[in-house]
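Excluded from the calculations below are hydrogen atoms, water molecules and symmetry mates; all remaining heavy atoms, backbone and side chain alike, are included. What you see is a predicted model, and the numbers here were worked out from it, not measured in a lab.
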Protein chains: 2
Amino acid sequence: MLTERQLLILQVIIDDFIQSAQPVGSRTISKKDNVSYSSATIRNEMADLEELGFLEKTHSSSGRVPSEKGYRFYVDHLMSPFNLSGQEKTFVKQAFNHQMVEFEQVVQQSARVLSELTNYTSIILGPEVYETKLKQLQIIPLSQISAVAILVTDTGHVEHRSFTIPVEIKPADLEKMVNILNERLNGVPIIYLHHKLNTEIAELLKKHTSEFEKAYQYLRAALFDEQPAKLYVGGKTNILMQPEFRDIDKVRTLYSMIEEETEIAHLLRHNSSDIKVSIGTENEVNAMKDLSIITGSYSIGDTQLGTIALLGPTRMEYSKVISLLNLLSDRMTETFHSWYQKGSTGE
Amino acid sequence: MLTERQLLILQVIIDDFIQSAQPVGSRTISKKDNVSYSSATIRNEMADLEELGFLEKTHSSSGRVPSEKGYRFYVDHLMSPFNLSGQEKTFVKQAFNHQMVEFEQVVQQSARVLSELTNYTSIILGPEVYETKLKQLQIIPLSQISAVAILVTDTGHVEHRSFTIPVEIKPADLEKMVNILNERLNGVPIIYLHHKLNTEIAELLKKHTSEFEKAYQYLRAALFDEQPAKLYVGGKTNILMQPEFRDIDKVRTLYSMIEEETEIAHLLRHNSSDIKVSIGTENEVNAMKDLSIITGSYSIGDTQLGTIALLGPTRMEYSKVISLLNLLSDRMTETFHSWYQKGSTGE
DNA sequence: TTTAGCACTCGCAATTAAAGAGTGCTAACA
DNA sequence: TGTTAGCACTCTTTAATTGCGAGTGCTAAA
């Protein structure tokens with residue numbers, strides 16, 4: 001429905017605005033190499049594009065600025081694929097070069113790369129533990145009254161919780177119980193753990209003395225509370241360099257949201273393996289109305305582990321960010337895969 | 001060397017400025033209840049106090065503002081002890097009321113309380129693991145080529161590291177080794193671990209096959225790298241409400257420093273059990289030149305675990321912060337003590 | 001259909017003016 | 001001799017005024 005020329009002009013305007021952060025005027029566009037129309041012609045087209053809702057004016061005689069609809073159209077149809085520079089590619093390569101053995105290490109490194117290469121804020125959502133399987137349960141007594149319970153998943157995640165032990169329970173009993181649990185629960189997806197405990201295992205434990213019952217209460221409380229997925233944030237200060245964040249109040253609302261974690265975690269989590277772009281109010285959170293989020297994901301094999309995202313102003317280098325996100329998402333998945341390909345289920 | 005009257009006036013000026021954040025003039029002071037001199041008299045005294053370096057002017061005909069020296073004098077000699085309101089006390093009490101069993105929980109809760117009650121940014125430095133003793137070492141194989149090593153200290157801290165296992169090492173061998181290590185290392189302060197490993201244990205292991213030697217290499221690398229103490233920060237956005245942080249650049253340098261962690265950790269760590277106040281340039285870090293840090297500590301028994309601090313503008317409510325820091329420091333120490341008083345060394 | 005030209009709009013930066021807060025100094029007072 | 005009233009002066013802050021320039025919309029000519 002848009003003419004060839006309108007498409008071109010819209011694209012050039014948005015490209016320019018993404019670079020300059022300044023409202024762009026008709027003359028600026030007419031001077032571009034790939035545009036061969038006079039400023040007056042451009043002006044007419046701009047007026048049309050504004051009427052169609054792709055552009056906006058900041059005031060009656062200013063240049064044009066892309067509207068949210070404009071960005072959406074740009075992302076869906078207009079933007080040209082971004083070729084990462086050799087420099088950028090080697091930067092990523094180097095980051096993944098030195099042998100990494102820790103999940104956190106990989107995630108933190110990725111967050112750093114993303115934020116340094118884009119000057120936006122990167123957010124990586126750690127895996128929901130519940131999607132992985134129990135590998136081993138350990139209880140280590142610290143004193144007569146306290147112990148720490150450690151839960152290891154097949155992906156190498158370690159969760160731990162301290163808890164107090166009622167005095168009437170002997171260490172030996174506790175140990176026995178842990179043995180039973182380990183025997184029965186190895187390989188069980190964390191998400192079913194609670195259920196399985198309450199049914200089969202509870203029965204089994206009841207056959208022993210009442211002390212088991214009590215110890216079990218404590219243990220369950222310690223281990224199976226909801227543990228929210230962890231949030232890794234990189235380049236929090238990058239966003240302060242964007243001209244749209246001259247205003248302290250905006251900074252505060254955004255940072256409060258990041259600090260609060262739950263809302264942003266909810267915003268990020270998504271299931272598709274594709275890259276998803278959410279522009280401004282599409283995020284349905286007031287604090288995000290001038291910001292865009294681009295999310296991707298990383299996995300081990302078939303199971304998607306977590307989300308990897310970049311947060312920036314709506315005036316974002318969408319094309320570059322998407323390329324980069326794809327690259328990092330692949331690299332992360334690759335890395336994790338290389339760890340567990342050989343006999344993840346074997347003992 | 002200062003007259004009684006000068007002391008009073010200096011105190012009132014600083015008190016007022018801490019509240020108002022505005023340069024304070026002679027008339028403002030003369031109207032205070034506890035001051036019975038005319039503005040002209042105050043002016044003369046102010047001129048003297050300025051000459052002595054306790055006060056400054058922002059421009060030739062403005063009111064006075066405390067200098068760094070002024071704050072220092074205020075903190076050392078002038079400020080009156082702060083009585084926490086009933087509300088504040090119950091707020092703290094409530095935070096510590098519900099049964100807490102996790103170290104992190106206590107620390108995070110404390111950080112939250114501190115920042116909410118002061119509107120400054122709270123920073124708590126976690127313990128150096130090295131000051132505690134090894135309780136148990138666990139190695140849990142995840143696949144043929146990877147395993148996670150878990151290290152539990154007597155204070156209930158859990159450190160874990162994933163690492164790859166060279167193929168030639170059999171799980172049984174690994175287990176054997178862990179058993180030996182546990183036997184020998186239980187109760188050894190983490191700080192001596194490395195040394196002890198390199199001398200006694202290495203000997204012991206060498207008596208077995210060369211595979212032990214190799215496995216040991218891997219294990220050592222995985223476990224005994226420097227792990228910096230963790231930083232818990234609360235109320236990061238509070239500082240944005242202080243009028244001295246209208247300037248984005250200041251915000252950026254400060255946040256960069258907090259994000260970077262090492263410098264601020266170095267700034268905070270201190271050994272005395274007293275509260276310490278560092279005002280502006282006393283911190284010897286350029287980014288801190290308009291900020292003050294007040295630090296205290298928390299312990300278990302005799303061993304000091306970590307540092308608890310508040311970060312705010314030099315125009316800080318020193319008195320209140322000090323009271324609060326004392327309170328929280330006590331509460332934390334109390335809580336930890338209650339966990340481990342009974343038989344921390346017992347099995 | 002495109003473009004040149006022109007009147008018009010608006011924001012921005014610089015300039016000026018007025019108001020207000022506060023000082024330093026002087027001289028009078030207790 | 002210490003204290004205070006009074007006053008001229010300084011400097012900031014705010015608002016109002018102005019001119020400039022970037023950019024538009026519209027008209028008429030190519």
* Taking B:Lys320 for the side chain and B:Leu117 for the main chain, is one N or O donor matched with an acceptor at less than 3.5 Å? -> yes
* Can you name the one residue among A:Val75, A:Ile322, A:Ile308 that meets side chain to side chain contact (heavy atoms under 4.5 Å, CB included) with A:Ile294? -> A:Ile322
* Structure fact -> Reading nucleotides 23-30 of chain C from 5' to 3' and marking B where a protein heavy atom lies under 4.0 Å of the base, S where only the sugar-phosphate is that close, and - otherwise, the string is BBB-----
* Could you state the NE2-P distance from A:His59 to C:dC8, rounded to the nearest angstrom? -> 18 Å
* Asked: Looking only at heavy atoms, what is the nearest atom pair of A:Ser292 and A:Tyr318, with distance?
  -> OG-OH, 2.7 Å
* Structure fact -> Atom CD1 of A:Ile29 and atom C1' of D:dG23 are separated, to the nearest Å, by 13 Å
* Take atom CD of A:Gln22 and atom C1' of D:dA22, then tell me their distance rounded to the nearest Å. => 11 Å
* Carboxylate-amine/guanidinium proximity below 4.0 Å for A:Lys250 and A:Asp247 -> no
* When the ring planes of A:Tyr71 and A:Phe17 are compared, do they come out parallel, tilted or perpendicular, using 30° and 60° as the limits? -> tilted
* Value rounded to 0.5 Å, distance of OG in A:Ser329 from CG in A:Leu324 -> 11.0 Å
* Out of C:dT3, D:dG23, D:dT3, which has the shortest distance to the side chain of A:Thr28? -> D:dG23
Do any N or O atoms of the protein come closer than 3.5 Å to N or O atoms of nucleotides 28-30 of chain D, and which pairs are they?
none

* **salt bridge (charged side-chain N to carboxylate O under 4.0 Å, His left out), paired with A:Glu282, selected from A:Arg72, A:Lys276, A:Lys289** => A:Arg72
* Value in whole Å for how far the P atom of C:dT1 lies from OH of A:Tyr37 -> 13 Å
* To do: Report the residue (A:Pro23 or B:Thr58) whose heavy-atom-nearest nucleotide on DNA chain D is the more 5′ of the two.
  => B:Thr58
* When you check the gap from the basic side-chain N to the acidic O, do B:Asp16 and B:Lys32 get nearer than 4.0 Å? -> yes
* Could you tell me the separation between the CZ atom of A:Phe17 and the C1' atom of D:dG23, rounded to a whole number of Å? => 16 Å
* More than 12 foreign heavy atoms under 6.0 Å from NE2 of B:His59: is that the case here? -> yes
* CD/B:Gln22 to OG1/B:Thr28 distance, rounded to the nearest 0.5 angstrom? -> 10.0 Å
* Structure fact -> In numerical order, the residues of residues 2-12 of chain A whose heavy atoms come under 4.0 Å of DNA chain C are A:Arg5
* To do: Would you check if the distance from the ring center of A:Tyr255 to the ring center of B:Tyr255 is below 6.0 Å?
  => yes
* **Length of the line joining B:Ile42:CD1 and D:dT4:P, which is rounded to integer Å** => 9 Å
